[in-house]
Each structure stands twice: as structure tokens, then as C-alpha cells.
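Side chains included, hydrogens not; waters and symmetry mates left out as well; all remaining heavy atoms used. Protein chains get the first letters and strands the later ones, always in sequence-line order, with residue 1 at the start of each.
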Amino acid sequence: MRRNEDVALLFDHIAELLTLKNENPFRIRAYQIAAQKIRALSDDIEEIARQGRLDAIPGVGKALAAKIQEYLETGRLQYYEKLKQEVPITAADLLEVPGIGPARAHVLYQSLGITTIAELLEAAREHKLRDLPGFGPKVEERIAREAGRLVQRTRRLLLGVALPHAEEVISLLQPHPAVEAIAPAGSLRRMKETIGDIDILVASRQPDVIVEAFANLSVVKEVLATGSTRSSILTRDGLQVDLRIVAPDEWGSALLYFTGSKEHNIALRGLAQDQGWKLSEYGLFDREGRRLAGRTEEEIYHALGLDWIPPELREDRGELEAARERRLPQLVELDEIRADLHVHSDWSDGHDSPQRIVEAAVTRGYEYIAFADHSQSLTVARGLSPQQVREQHRLIAHLNERYAPFRILHGAEVNILPDGTLDYPDEILELFDLVIVSVHSALDLPRDRMTARLLRAIRHPAADILGHPTGRLLPNRPPYDVDLEQILRAAADYRVAVEINGQPDRLDLDDVWSRRAIELGALVSTNSDAHAVRQLEHMRYAIATARRGWVEARHVVNTWPLGTMLEWLERRLPARRYRRSSQGIRN
DNA sequence: GCCGTTTTCGGCCCGACTGTTTTCAGTCG
């Protein structure tokens with residue numbers, strides 16, 4: 001799996017360099033499409049190359065197949081090396097500046113030798129741009145402004161930050177009598193892990209009234225821009241929200257269009273085109289210009305011979321083919337979740353008492369829960385000593401009497417030590433009903449040692465769930481170096497579930513690896529990793545990530561009824577079965 | 001550079017907007 005991403009990245013870079021050379025845009029697109037298709041492959045590209053089937057990959061023809069072959073065999077690509085000498089790869093940054101596309105970037109590099117945003121900013125301020133072909137005073141001014149903003153750019157928002165804000169704005173605007181429909185759009189509706197802009201779409205016959213109402217919402221700090229059917233505001237929390245208003249008749253086509261992804265839309269338009277039809281944000285039209293669909297998304301998908309595709313899947317990663325063949329996944333839903341298996345209490349680094357957490361879990365409609373406080377070596381998080389574990393065990397038995405039939409499982413988030421052993425002796429590990437094994441230290445081990453470390457932990461008979469399997473923290477801490485493919489295979493073999501952790505800065509596994517996990521037959525567990533009652537809410541982000549990974553309820557252990565869960569927990573530790581009968585728990 | 005019940009050339013997603021132009025190219029979403 002690892003080289004797939006290398007090849008995809010190589011093609012993305014080639015596309016950027018060709019863009020800067022102002023090459024044929026369709027040739028550039030060919031590289032971009034190939035990169036995307038290679039990313040979406042579930043098979044190892046090296047294996048495909050060995051079988052001589054590279055040109056069977058959609059978007060890869062003879063020329064690209066040869067380039068992939070050369071790159072895989074030699075680790076280099078002559079064509080790319082040559083391109084890099086013609087145009088420095090840093091110049092690709094210029095394309096990020098709004099107002100600069102292929103043509104202007106090319107002119108900037110060719111005539112002024114500009115290759116960085118800093119150089120661009122300087123040149124704009126010295127008025128060196130206005131006389132270039134295709135530029136003028138207005139463009140120069142805009143570039144200076146946008147480049148300046150980019151230099152001190154605010155990062156993309158985490159889904160867990162953007163979504164609550166969007167929902168607040170929507171809840172304020174929704175009751176307005178002129179609003180006929182309202183929904184988030186863009187990457188937010190697709191539930192991507194990070195969001196560029198918060199986009200909200202409204203259907204209304206009175207756009208001017210909506211624009212006015214939007215500007216006067218209580219959360220608005222500043223109106224940034226306004227027009228007849230659109231408006232941008234800055235909220236008191238400093239987030240930008242863009243609103244667009246469309247006619248109710250065009251709601252479906254507009255929602256489809258503004259939800260994206262761009263790649264999904266392009267593919268969809270291709271399907272329309274195959275019929276001689278035309279799809280735009282205004283609707284689906286036949287060759288005489290008659291409107292075939294547009295009021296709802298369902299109408300449009302159906303007219304194109306497709307099942308309606310949930311927004312989380314709209315990335316052109318095979319969802320269109322699946323929709324045509326009526327084999328879209330039945331994506332897991334939040335209300336199918338019966339338990340949260342990863343919750344911290346104030347015994348370790350959580351903020352709330354076990355009682356409060358249990359009551360909140362009952363309120364959320366869960367049937368059971370597992371506490372997963374930290375283990376002894378994680379002193380910064382007040383990890384529990386063996387003595388405390390025994391005390392907690394007694395407390396949980398007591399809570400189970402009090403809250404029956406709600407069931408509290410005594411779990412733990414046990415550190416995987418650098419050598420792959422677990423952070424408690426076996427007699428303590430056997431006390432737990434459920435054990436999450438996680439890495440919290442020595443994150444920079446070399447790949448082979450990190451892989452061996454995780455494999456050893458998975459093989460331990462007490463291990464039930466591999467917690468946040470890659471250790472990444474958005475946006476700054478990358479995943480640790482590990483052969484995840486091998487880890488997921490082992491997890492499938494030992495029936496250890498891999499976690500989809502719902503903390504907004506983790507979402508770990510991510511969508512792509514979640515999909516790979518279920519392809520390999522692994523079970524997953526969606527968890528909040530809550531450190532306070534309020535954060536039980538993070539389950540929704542775990543579910544969103546799972547859905548983006550094509551995960552169905554049958555893959556998710558915490559959709560299971562308690563009885564099934566207990567059977568699974570007993571699979572390698574019969575001691576747990578003994579405990580179930582001694583506590584008089586029935587299914 | 002890819003692709004093909006409009007197959008080996010001539011297409012390749014669509015429409016709006018802006019500013020630079022003198023009829024339209026470039027950019028964006």
C-alpha cells in the first residue's frame with residue numbers, strides 16, 4: 001500500500017509542474033486523474049506492476065504505465081527529474097494564491113523568475129506585476145492582498161470545530177419564514193476531517209430577505225461580503241461562514257453541486273454527458289434543453305441510473321460504480337451505536353466521575369459502556385496503579401448493581417510499551433472486561449520496530465481493541481512510521497478491533513485506512529475517547545469517519561447487543577466467561 | 001495523456017464573474 005501513495009504524489013507533482021509550464025490542461029488532468037485512481041486502489045501497485053496490469057488501472061494508459069514501471073524499478077523517474085530542472089517545484093505554491101491560475105503562474109515564473117509566495121508579495125508591493133500580460137492594477141492589488149493573507153494563513157478547521165458552528169448558524173436561520181430548506185454544503189457536508197470554508201446553502205424565493213436576516217444573526221461579528229444571492233460573515237469566534245441562496249426548484253442540483261467533491265461532480269457530469277445530457281447547478285437537462293431533474297438530489301441520481309449517494313462517499317473513489325450496480329454500502333448510523341468503549345473518568349485524566357458518565361451514557365440511549373482509564377506508566381495522565389485497578393473493579397461492580405440493566409464494562413487503555421509488552425502484569429490484565437491497547441510513548445521508533453511492537457500487542461490474549469492505531473494528531477503530528485497494512489491483517493486474524501477514534505484532532509484510523517481495514521476483514525470500534533461527559537458527543541465524528549470509510553454496522557463491534565459483545569470479549573480469555581456467570585449477567 | 005455502441009482522432013464538466021480587453025482569457029467553485 002505504501003508505494004501507491006508515492007506514485008500518486010509523484011503524479012500530483014508532475015501535474016503541478018506541467019501547470020506552471022502552462023501545458024495542455026487535459027494532459028495535466030490526466031496526471032491528476034491517474035494520481036487519484038491510484039490512491040483509491042485497494043491493491044498494492046507493485047503487485048499490479050508485477051502482473052503487468054498497470055494499464056488496466058482506469059486513467060493509466062501506456063505512457064503512464066511505463067512511467068510507473070520505471071519509478072517502481074529505479075526509485076526515480078527521468079521525466080520528472082527533467083521537469084524539476086525546468087521549473088522549481090516550490091513555484092507550485094503560487095497556484096495556492098487566489099487569482100493566480102496556470103496562466104498567470106507561468107507568466108510570473110517566466111518573466112520575473114518568481115518561485116515563492118514571499119517573492120510574489122514583494123513584487124506585487126513594488127508594482128512589478130501590473131504591466132505583465134494578463135495582469136493589471138486590480139489583479140496586482142488582489143494578489144498582494146491574498147498573498148499577504150496566505151503568509152499568515154489560518155489553518156483548515158477541524159471538523160469537530162466547524163460542524164458545531166455551522167449547526168448553530170443553521171439553527172438560528174432555519175425558523176425564518178422565507179427559508180424553505182437549509183443545509184451545510186461543501187467538505188463539511190461530506191464530513192471531511194478538516195474543512196476549508198463553512199458553506200451553508202438555503203432554498204428561498206426571497207434571497208434578499210435571507211441575506212438581510214443572515215447579516216443580523218446574533219453570532220455575526222462582521223459582514224465580509226454581500227450580494228443578491230450570497231453573503232459571507234465572520235462569527236464572534238472568528239470563523240468565516242459563506243451563505244448561498246438558491247431557488248427552491250434548483251435545491252437538489254445546487255446542493256449536489258455545492259457539496260462536491262469536485263471530482264465526484266466531474267464524474268457525474270461525465271455520466272450525464274454520456275446520455276447527451278447536461279448537468280449543472282441549475283438542473284439536469286436533455287439535449288433540447290428540457291429539464292429532467294433538479295428539485296432533489298435523489299431525482300438527479302435516479303435520472304442518471306444511480307442510487308442516491310450519501311455525501312460522505314462523494315469522493316470519486318468507486319461510489320458511482322457502486323451506485324450504478326446497486327451495491328452501495330449500508331453506512332453505519334449514529335443511532336445504531338449501543339456503546340462507547342473508550343471513555344476516561346476522573347480516576348485517570350478525565351474530568352467527570354464514573355457515576356456522571358454512566359448517567360450521561362444512559363441518557364444518550366446506550367446499552368452499555370466501557371471505562372478505559374490510562375495504565376500505570378502514563379503518569380502524566382494519572383495512570384492507575386494495580387491497586388487502583390482493583391479498587392475500580394469493586395466500584396464498577398457496585399455501579400452495575402445500581403444501574404442495571406445498563407452494563408458497565410471495566411476496561412482500560414493500556415500502554416503498549418516500546419518492546420510491545422503491555423503496561424500491566426497478566427493477573428491485572430485479566431481483571432478487565434475489555435482492554436484497549438494504545439501507543440503513547442516512543443513514537444519515533446523505526447518502522448520495523450514499531451510494526452513488531454504493535455504486532456506483539458495485538459497477539460496478547462487480553463487485547464481487544466487497538467486504540468488510535470496511527471497516533472496522528474491533526475494538524476501537526478503525523479502518523480508514526482508503521483506497516484499499517486500488516487497491522488490490520490494481524491488485527492483481522494486475531495479478531496482484535498481497530499479503533500476509529502472520534503477526538504476531532506485524531507480521527508484515527510482515518511477514512512481511507514478504515515476502508516482498508518474492513519476490506520481486510522478487520523472489525524472496527526468507533527469511540528469518543530471522551531475525557532468529559534460533553535465529549536461523548538465525539539462519537540459522531542468517529543461515525544462520520546467510519547462512513548467515509550464505507551463502514552457498515554456489521555463491521556462495528558459497538559453496534560452489537562451486549563450478549564454478542566460479551567461473547568467476543570471471551571474469545572481468547574475464558575476467565576471473562578466465568579466472570580459473566582458469577583455476576584449473574586444475562587444477555 | 002487517456003479513451004472509444006459517435007473507436008484511432010478529437011474530444012476531455014459547467015457557468016459566473018472579473019478585469020482586461022476590443023471580443024475574451026483567466027480564474028473560481
Side-chain angles (χ1 to χ4, degrees), chain A residues 11-12 14-15 17-19 21-38 54-68 79-80 83 94-108 129-143 145-146 185-190 195-201 225 227-230 232 242-244 246 250 253-285 287 289 294 300 304 314 316 320:
Chain A
F11 283 178
D12 278 337
I14 291 174
L17 293 175
L18 292 175
T19 305
K21 288 186 70 185
N22 213 13
E23 262 276 5
N24 175 359
F26 298 109
R27 192 170 179 214
I28 295 167
R29 252 207 86 57
Y31 279 95
Q32 290 168 335
I33 288 170
Q36 208 197 350
K37 298 293 181 193
I38 289 166
L54 283 174
D55 59 5
I57 300 169
V60 175
K62 276 198 164 52
L64 291 189
K67 289 189 169 74
I68 295 172
Y79 176 68
Y80 177 57
L83 271 179
L94 299 180
L95 297 168
E96 288 179 34
V97 180
I100 297 184
R104 289 184 186 142
H106 179 67
V107 170
L108 287 170
L129 306 188
R130 55 181 57 194
D131 296 327
L132 297 172
F135 290 73
K138 287 261 179 66
V139 170
E140 180 182 78
E141 198 183 311
R142 176 168 184 221
I143 286 175
R145 196 172 59 238
E146 297 288 2
S187 52
L188 186 58
R189 183 157 179 252
R190 302 200 313 278
I195 309 299
D197 299 304
I198 298 179
D199 291 319
I200 295 176
L201 192 67
S228 56
T229 61
R230 54 191 297 181
S232 294
D242 298 334
L243 184 80
R244 290 166 182 280
V246 301
E250 293 160 358
S253 44
L255 187 59
L256 187 63
Y257 172 74
F258 287 113
T259 297
S261 65
K262 191 179 165 198
E263 290 75 18
H264 179 87
N265 286 350
I266 288 173
L268 214 49
R269 286 186 159 138
L271 288 185
Q273 213 176 30
D274 290 346
Q275 309 288 323
W277 298 344
K278 200 174 58 172
L279 178 62
S280 75
E281 59 262 52
Y282 303 107
L284 178 65
F285 301 91
R287 57 180 91 226
I300 297 169
L304 292 170
R314 299 183 193 170
D316 194 22
L320 290 162

Taking the same atom, C1', in B:dC28 and in B:dT22, what whole-Å distance lies between them? 24 Å
Once you apply a heavy-atom cut-off of 4.0 Å, does A:V107 come out as touching a base, just sugar-phosphate, or nothing? nothing
Report yes if at least one side-chain N or O of A:K67 is closer than 4.0 Å to OP1 or OP2 of B:dG1; otherwise report no. yes
For the pair made of CD1 in A:I143 and P in B:dG26, what is the distance, rounded to whole Å? 14 Å
Expressed as a whole number of Å, how far does the P atom of B:dT20 sit from that of B:dC14? 28 Å
Nearest-angstrom distance, C1' atom, B:dT7 to B:dC2: 13 Å
Going by the rule side-chain hydrogen bond (donor to acceptor under 3.5 Å, both in side chains), which residues pair with A:R145 if we only count those two or more places apart in sequence or in a different chain? none
Nearest atoms (heavy-atom pairs only) where A:F258 meets A:A185: O-CB, 3.6 Å
Whether A:E146 side chain and A:P98 backbone form a donor-acceptor pair below 3.5 Å: no
Could you check whether any side-chain N or O of A:R314 sits under 3.5 Å from a backbone N or O of A:R190, counting only pairs where one atom can act as donor and the other as acceptor? no
Quick check: any donor-acceptor pair below 3.5 Å linking the side-chain of A:Y282 to the base of B:dG15? no
So, is A:K278 close to the B:dG15 phosphate, meaning a side-chain N or O under 4.0 Å from OP1 or OP2? yes
Options B:dT27, B:dC13, B:dG19, nucleotide nearest the side-chain atoms of A:V139: B:dG19
Does A:I100 reach a base, just sugar-phosphate, or nothing at all? Heavy atoms under 4.0 Å. sugar-phosphate
Between B:dG1 and A:N24, counting only base atoms on the nucleotide and side-chain atoms on the residue, is there a donor-acceptor pair under 3.5 Å? yes
Report yes if at least one side-chain N or O of A:R269 is closer than 4.0 Å to OP1 or OP2 of B:dC13; otherwise report no. no
Expressed in angstrom and rounded to an integer, what is the separation of A:L256 atom CG from B:dG15 atom P? 14 Å
What is the distance, rounded to the nearest whole Å, between atom CG of A:L18 and atom P of B:dC2? 12 Å
Starting the side chain at C-beta, find the nucleotide from B:dG26, B:dG29, B:dG15 nearest to A:F258. B:dG29
Figure out the CG/P separation between A:L268 and B:dC12, and round it to whole Å. 17 Å
Take A:D199 and A:L188 through the side-chain contact (heavy atoms from CB on, under 4.5 Å) test and state the conclusion after the steps. CA-CA 7 Å; A:D199 291 319; A:L188 186 58; over 6 Å; no
Regarding A:I28, tell me which of base, sugar-phosphate or nothing describes its non-hydrogen contacts under 4.0 Å with the strands shown. nothing
Write down the distance separating the P atoms in B:dC9 and B:dG19, rounded off to the nearest Å. 44 Å
By nearest-heavy-atom nucleotide on DNA chain B, the more 5' of A:R27 and A:A105 is A:R27
B:dA16 and B:dG10: how far apart are their P atoms, nearest whole angstrom? 30 Å
Of the candidate nucleotides B:dG15, B:dT20, B:dG29, which contains the atom at the shortest distance from the side chain of A:Y257? B:dG29
Determine whether A:L268 and A:L256 satisfy the following criterion, side-chain contact (heavy atoms from CB on, under 4.5 Å), listing intermediate values before the conclusion. CA-CA 10 Å; A:L268 214 49; A:L256 187 63; 3.7 Å; yes
I need the CZ-P distance between A:R230 and B:dT18, as an integer number of Å. 9 Å
Which whole number of Å gives the distance between the C1' atom of B:dT18 and that of B:dG4? 38 Å
Picking from B:dC28, B:dG26, B:dG29, which would you name as closest to the side chain of A:R142? B:dC28
Base, sugar-phosphate, or nothing for A:G270, non-hydrogen atoms under 4.0 angstrom? nothing
Can you tell me how far C1' of B:dC13 sits from CG of A:L304, to the nearest Å? 13 Å
Using a heavy-atom cut-off of 4.0 Å across all strands, would you classify A:R104 as base, sugar-phosphate, or nothing? sugar-phosphate
Under 4.0 Å between any heavy atoms, over every strand shown, what does A:I266 touch: base, sugar-phosphate, or nothing? Just pick one. base
Just say parallel, tilted or perpendicular for the rings of A:Y31 and A:Y79, cut-offs at 30° and 60°. parallel
Taking atom C1' in both B:dG11 and B:dT6, what distance in whole Å separates the two? 11 Å
Nearest non-hydrogen partners of A:V60 and A:A65, listed with the distance: CG1-N, 3.6 Å
Given atom CD of A:E23 and atom P of B:dC12, what is their separation to the nearest angstrom? 19 Å
Give the nucleotide from the list B:dG19, B:dC28, B:dC2 with an atom nearest to the side chain of A:P98. B:dC28
By the 4.0 Å heavy-atom rule, please label A:P25 as base, sugar-phosphate, or nothing. nothing
Could you give the NZ-to-C1' distance, from A:K62 to B:dG4, as a whole number of Å? 14 Å
Separation of the C1' atoms in B:dT8 and B:dG1, to the nearest angstrom: 14 Å
For A:R244 and for A:P58, locate the closest nucleotide of DNA chain B by heavy-atom distance; then report the residue assigned to the nucleotide nearer the 5' terminus. A:P58
Counting only Watson-Crick or G-U wobble pairs whose two distances fall under 3.5 Å, which nucleotide matches B:dT8? none
Check whether any side-chain N or O of A:Q273 sits under 4.0 Å from OP1 or OP2 of B:dC14, and answer yes or no. yes
